[in-house]
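Atoms within a ligand are numbered from 1 in the order they appear, just like the ligands themselves. Every heavy atom of this structure was used, including side-chain atoms; hydrogens, water molecules and symmetry mates were not.
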Amino acid sequence: MQPERLLIVTAVEAEAAAVRAGVQASGVHPDTVVVAPVGVGPAAAAAGTARLLTLAEAAGTPYRAVLSAGIAGGFPGRAVVGATVLGARTIAADLGAEAPDGFLPVDQLGFGSNLLEADPALRKTLTAALPAAIVGDILTLATVTGTAQTADILQTRHPRAVAEAMEGYGVACAAQLAGVPFAEIRTISNPIGPRDRAAWRLPEAFSALTEAVAAACG
Ligand SMILES: O=C(O)c1cccc(C(=O)CC[C@H]2O[C@@H](n3cnc4c(=O)[nH]cnc43)[C@H](O)[C@@H]2O)c1
């Protein structure tokens, strides 16, 4: 009988490579962790994760948990480049309606929730394995924030948000549907604010991701 496996979902192959290096460094049996890049954005993340969870369930080998992992933007003053962040909650920050008075999230519109909690037991395990990690909300957006104005609006609207990325809420929706525990782990590649792609510190963020995964799996 196969041991229960952990699924780690990333957006792009470079993130998956950093995660695989962490799994290898942790010393766990490689068959116990599956790492899959499923695409950029919440739709690709939800569809790709749902497919993997469903295939595993149909084969009689369901995953014990699913992690959304990768790099992220950090809110200034809350998470610096190179930091590791653990999501207490994943929030679909642009899922809703714009109104003259401001943004209305889907829960205020009566269409479900734009917020999903990380699994408490999984979160506890990850927090213990990563004592230096910053725990807070991680926003999911289909569009990378690229102005100081949007960064300010998001930071004010989400006082407990430490980072933004593009996949967590999609992975969380797929996990919830399948009844599989979910958590999100990210390392910061860039500050959230005016777009400056040259300032993204990808090697630093990928190294931090490898280290975080090694500690989390070990
Ligand atoms: O150059 C761009 O603007 C760009 C647009 C889409 C994706 C990328 C990636 O490099 C994909 C990797 C992954 O990185 C996450 N990420 C990193 N920083 C941020 C951010 O400031 N805001 C939102 N997401 C971020 C995201 O999850 C991407 O899928 C580059």
Side-chain angles (χ1 to χ4, degrees), residues 7-22 35-50 52 66-87 89-95 103 114-116 118 133-134 136-158 160-175 182-213:
L7 175 62
I8 305 182
V9 175
T10 70
V12 297
E13 176 52 36
E15 293 171 314
V19 170
R20 282 189 211 104
V35 184
V38 293
V40 171
T49 306
L52 293 169
V66 56
L67 286 185
S68 174
I71 59 172
F75 281 105
R78 299 183 186 175
V80 295
V81 168
T84 298
V85 297
L86 287 173
R89 306 182 298 177
T90 175
I91 299 175
D94 55 3
L95 183 59
F103 177 75
N114 71 330
L115 181 159
L116 290 165
I134 299 161
D137 295 340
I138 302 179
L139 307 185
T140 299
L141 293 142
T143 302
V144 175
T145 297
T147 65
Q149 191 195 11
T150 304
D152 285 348
I153 289 169
L154 289 172
Q155 213 160 356
T156 304
R157 194 179 290 156
H158 302 284
R160 287 153 68 187
V162 292
E164 70 164 43
M166 302 173 77
E167 293 81 24
Y169 183 79
V171 178
C173 285
F182 160 86
E184 181 167 10
I185 179 167
R186 300 262 168 192
T187 55
I188 305 302
S189 52
N190 58 282
I192 300 167
R195 180 168 171 79
D196 180 7
R197 190 65 164 83
W200 285 36
R201 298 287 173 257
L202 296 177
E204 203 174 330
F206 290 140
S207 297
L209 188 58
T210 298
E211 274 178 37
V213 170

Item to check | Side chain E167, main chain G41, donor-acceptor under 3.5 Å | outcome: yes
Next on the checklist: Below 4.0 Å, non-hydrogen atoms only: which portion of A165 touches ligand 1? Side chain, backbone, both or neither.
Outcome noted: both
Item to check | Any side-chain heavy-atom pair of L139 and F75 under 4.5 Å | outcome: yes
Checklist entry - Can you list the atoms of ligand 1 that are under 4.0 Å from a heavy atom of A11? => result 29 (O)
Item to check | Nearest non-hydrogen protein atom, atom 18 (N) of ligand 1 | outcome: N190 OD1, 2.8 Å
Checklist outcome for this item: When distances are taken from atom 22 (N) of ligand 1, the protein heavy atom at minimum range is E164 OE2, 2.6 Å
Item to check | Taking atom 13 (C) of ligand 1 as the reference point, the nearest protein heavy atom with its distance | outcome: E15 OE2, 3.6 Å
Item to check | Test item, S189 contacting ligand 1 (heavy atom, 4.0 angstrom) | outcome: yes
Item to check | Side chain proximity check, T10 to P37, heavy atoms < 4.5 angstrom | outcome: yes
Checklist outcome for this item: Nearest heavy-atom contact between A14 and F206 is CB-CZ, 3.7 Å
Checklist entry - In this structure, which one of I91, L141, D137 forms a side chain to side chain contact (heavy atoms under 4.5 Å, CB included) with E164? => result L141
Checklist entry - So which heavy atom in the protein is nearest atom 19 (C) of ligand 1, and how far is it from that ligand atom? => result G73 N, 3.4 Å
Checklist entry - What atoms of ligand 1 come within less than 4.0 Å of a heavy atom belonging to A72? => result 16 (N), 17 (C), 18 (N), 19 (C)
Item to check | Donor-acceptor pair, side chain of R78 and main chain of A161, under 3.5 angstrom | outcome: yes
Item to check | Residue, atom name and distance, where the atom is the protein heavy atom closest to atom 1 (O) of ligand 1 | outcome: R197 NE, 2.5 Å
Checklist entry - For atom 14 (O) of ligand 1, which protein heavy atom lies nearest, and how many Å away is it? => result I71 CG1, 3.3 Å
Checklist entry - Going from CZ on R89 to CG on N114, what distance comes out if it is rounded to the nearest 0.5 angstrom? => result 9.5 Å
Next on the checklist: How far is atom 5 (C) of ligand 1 from the closest protein heavy atom, and which atom is that?
Outcome noted: V144 CG2, 4.1 Å
Checklist entry - Are more than 12 heavy atoms from other residues, nucleotides or ligands located less than 6.0 Å from atom CZ of R160? => result no
Next on the checklist: Taking only non-hydrogen atoms of L141, do any sit less than 4.0 angstrom from ligand 1?
Outcome noted: no
Item to check | Sequence-distant partners of A50, side-chain contact (heavy atoms from CB on, under 4.5 Å), two or more places apart | outcome: A174
Item to check | For atom 29 (O) of ligand 1, the option (of E167, R195, M166, R186) bearing the nearest heavy atom | outcome: E167
